[in-house]
Colleague: 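One structure, as structure tokens, below. Some questions next.
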Amino acid sequence: MSDLWPRIEPLLASVERPARYIDREWGALHPIDPDYRVALVYPDAYELGMANQALSILYERLAAIPGVAPERAFVPWRDMAEQLRGNDVPLFTLESCTPVGEVDLLGITLPYEMTYSNILEILDLAGIPLRSDDRSDSDPLVFGGGPCAFNPEPVAPFFDAILIGDGEEAIAEIVATHRAGRAAGASRSAILAALAGVSGVYVPSMYDMTSGVAVGRDGAPDRVTKRVLADLDSVRPPVSPIVPFMDVVHDRMTIEVLRGCSRGCRFCQAGMVYRPVRERSSDNIVRDVLAGLWCSGHEEVSLTSLSTADHSQLEDILRRLSRRLEGSGISVSLPSLRVDAFSVDMARMLGGGRKTGLTFAPEAGTQRLRDVINKNVTEEQLLATVHKAFSAGWHRIKLYFMIGLPTETDEDVRGIGALVQKVLDTARESVEPAKRGGIRISVSVSTFVPKSHTPFQWDAQVTPEEVRRRQEVLRGSMPKRGVDLSWHASGVSFLEGVFARGGRELADVIEHAWRAGARYDAWTEEFDLGRWISALEACGVDPSRIASRERDTGEPLPWGHIDVGLSVAYLRIERERAREAITTPDCTFDECTGCGVCPTLGVDVILGGGGRE
Amino acid sequence: MSNGMFRARITYPKAGRLRFLSHLEVTNACERAARRAGLPYAVTQGFNPKMKVGFGPALPVGTGSTCERFDLWLREYVPADEVLVRLQSASPSDLAPSEACYVALRAPALTVSLTIAGYDVETGESGSAEDLQGFLDAVVKTGELVVEHKGKQKVFELTSTLPKEPTVRSMNGRVVVDITTRMSERGSLRPEALVMAAFERSGTGGSVLSVTRTHLAEEEEAVRRLL
Ligand code: SF4
């Protein structure tokens, strides 16, 4: 293996933030003489990728396999990419500075749609042919996986294989299948065929998509069922993760406390595709948090999941942790809190005793619309929570909303402003007059993008023009003082919507846009909608047919062959109930609501205190 | 007695690849190493409790060192050699401390007391050391150096900035310049700027391969030892 460091080092004097490229962080692994190298690549900058928990889990799982060296790579920033190309240096792994094109397995995460152009940047900088069809036996096996794998088609031709679902157990099977194939001298296509037999693995080149419905060839299953880790406690979370030097996003220790969420918010893809709820036990969480802090030296730990405040043992966990961490200056944080079960006692145990900002997500401005999306939060609960928090000394709160939800009217949009006004009034009434000036409400309003595998997967996304009009209505409805309002650019949401529900025809578009210079599209200052519109036109793809069109529920969908365990009947019923503004309870605490996941995947809900209540 | 009964002073390098770290990245890494080392570090009082530490003068990205320092306040006494061993085993090797000792609780902050810094500037030239010495002397004789940084001009008055004449030596076929500077609130002269000015004067140009801080000293100590 070539060590590129001597050629990389001279480039670092002239690039921004060289810490992105130097490795040697605490916890980075450098096994001696591995016979199988894996490059785990996050399709964005180092400081974003290092916050990704899936990468850290896979890194650890791979390191446990004898002879395997997991290594990392990220997308070099534009200045570094220019230096690499200008000096003929290929993309390299951080740990051993091996050219990415020389590793055995290249795993690229699919975290959000706006990173798609960066996938091509990675492959190109690595000198690997962009399309699976053009690769030879000497190229690494290019694997994908992550949240966007649930509609893999827009990027399918760039990957040799894509893992659908949880990777903890699948990763070892993938490596073993690849190694066995190579040991037997099997061809690339024979190895891919063998991988198609690994549960959860989708090999795009083995599917014929011409009829609009995927048909598997040579024994590939017509439907690929997602992998699911039945019991989170069976795999310990990484407690000795890599500790970055650089100030990365979410620069703290993280311990995943549960996976899945079955509150059943109808807009939420994660809530649908990561079912069922599987909690880690409180003993394991406390043990791993303390071990993780000890090994990493971090000053903060976050208990992560889609909905941490729902962990059935959370209070007990926080109490035990605050006792153990007292006087250490180390704080515990949660991604967000529950509107309907906010407790001051609990909030005090967070942020190391500091009154850090509280975050809540009512999502919609009127009760009707909250019922449509199944966000079971009432105005009374929100105001009661605000009153409790501000009376107890908090003076900042952050609220998340969405516009463009199905059935939304201007009244719903204005309802956001009205609700924020009530929150502000309640907050003011809850503090002494002298402190009223210090109250700040941050309101972040994103644009709803219908996603695959949700009850809204058939719905039309609101057009960019209409989004802009509604944003104006929203702005007009907001209180003039005490509120910081932010929203998403309509162009980005539109393109996200195109990728979220488009098919394989988008691969040409992505390649076209990348050739025209698209990189780092998730970064506002780098995103250029015009470039994407030209690419869509050049490839003859009408984006509004993908994003802005309501589909018949019988229409074949590009992700029809990806089976996450949800029954289509359930999604249809949920869509009907949405139309009638009827809510559906959470199956974690109430009874099963029949989504189909548990029986299809042979798993069950697991609560940290043992059994379902 | 306030929180923080003991004040340990740690000397550590910034070597190898880690010279590409920024000052903030280095200070974070040292604090994390102290936590991993399981030392009974003291925490600041107040709203936002943090580890009680104090660092010496910042090094720029790209500049290495053999002699950085930080102070770490401890709640309990731990023998200095144990502090050292524990920190070493919890640090990336290119930042692993080389010395630990205790200093008076009321000693001035490192940023205040350490005003003299010595550097080795390794050049990429094979030209003669004598020639470069001549050009350096000529620059020093002008009495001031104008340095441009991020579009702003800064004028360094050289008699006070350079407590000692820069000297050039040959080492393993490389020409290395030894420069000692005095740091002040108005800023610190980057030693490579002086070398580049000498190259400019020579008319042939030249490049700097690496810059390493080799001494950090207090004013009086420097007067005694260096001069
Ligand atoms: S099958 Fe029932 S219990 Fe399992 S996730 Fe779906 S609704 Fe919940």
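Every chain is numbered from 1 and lettered A, B, ... according to where its sequence line falls, protein lines coming before strand lines.
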Colleague: If you measure from the Lys or Arg side-chain nitrogens to the Asp or Glu carboxylate oxygens, is any gap between B/Arg32 and A/Glu25 under 4.0 Å?
Modeller: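 Not counted as a salt bridge, because no side-chain N and carboxylate O are separated by less than 4.0 Å.
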Colleague: In this structure, are over 12 heavy atoms from other groups packed under 6.0 Å from B/His23 atom NE2?
Modeller: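 For B/His23, atom NE2 is crowded (more than 12 foreign heavy atoms under 6.0 Å).
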Colleague: Distance check, rounded to the nearest 0.5 Å: A/Ile22 atom CD1 versus B/Phe20 atom CZ?
Modeller: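 CZ of B/Phe20 is found 7.5 Å from CD1 of A/Ile22.
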Colleague: If you count heavy atoms of other groups shown closer than 6.0 angstrom to CD of A/Glu525, is the number above 12?
Modeller: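 Correct, the count exceeds 12.
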Colleague: Is it true that atom CD of A/Glu326 has more than 12 heavy atoms of other residues, nucleotides or ligands lying nearer than 6.0 Å?
Modeller: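 At most 12 heavy atoms, drawn from other residues, nucleotides or ligands, come within 6.0 Å of this atom.
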Colleague: Report the distance from atom CZ of A/Arg17 to atom OG of B/Ser22, rounding to the nearest 0.5 Å.
Modeller: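 Interatomic distance, A/Arg17 CZ to B/Ser22 OG, rounded to 0.5 Å: 8.0 Å.
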Colleague: Should we say atom CZ of A/Arg324 is surrounded by more than 12 heavy atoms from elsewhere, each under 6.0 Å from it?
Modeller: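 Incorrect, the count does not exceed 12.
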Colleague: Taking all heavy atoms of B/Val61 and all of A/Pro18, pick out the closest pair and write down the distance.
Modeller: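 Scanning both residues, the minimum pair turns out to be CG1-CG, 3.6 Å.
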Colleague: Answer yes or no: does atom CD of B/Glu148 have more than 12 heavy-atom neighbours from other residues, nucleotides or ligands under 6.0 Å?
Modeller: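 Enclosed: over 12 neighbouring heavy atoms sit under 6.0 Å from CD of B/Glu148.
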Colleague: Taking all non-hydrogen atoms of both residues, which atom of A/Glu299 and which atom of B/Arg35 are closest, and how far apart?
Modeller: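 Nearest pair, atom of A/Glu299 first, then B/Arg35: OE1-NH1, 3.3 Å.
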Colleague: For a 4.5 angstrom cut-off between non-hydrogen side-chain atoms, does A/Trp26 reach B/Ser91?
Modeller: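 Not touching, per the 4.5 Å side-chain cut-off.
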Colleague: Just give me the residue among B/Ala90, B/Gly62, B/Gly38 that pairs up with chain A most often, heavy atom to heavy atom, under 4.5 Å.
Modeller: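 The candidate making the most pairs under 4.5 Å is B/Ala90.
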Colleague: With A/Phe245, which of B/Asn28, B/Leu95, B/Val26 fulfils side chain to side chain contact (heavy atoms under 4.5 Å, CB included)?
Modeller: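 Among B/Asn28, B/Leu95, B/Val26, the one that satisfies the side chain to side chain contact (heavy atoms under 4.5 Å, CB included) with A/Phe245 is B/Leu95.
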Colleague: Looking at A/Pro10, A/Ser296, A/Ala13, which one has more heavy-atom pairs under 4.5 Å with chain B than the rest?
Modeller: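 The option with the most such pairs is A/Ser296.
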Colleague: Starting at CZ of B/Arg36, measure out to NE2 of A/His298 and round the result to the nearest 0.5 Å.
Modeller: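 The CZ atom of B/Arg36 sits 8.5 Å away from the NE2 atom of A/His298.
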Colleague: Mind listing the closest non-hydrogen atom pair of A/Leu94 and B/Arg17 along with its distance?
Modeller: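 So the two residues come closest at O-NH1, 4.2 Å.
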Colleague: Which atoms form the tightest heavy-atom contact between B/Glu25 and A/Ala19, and what is the distance?
Modeller: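 Taking every non-hydrogen atom into account, OE1-CB, 3.5 Å.
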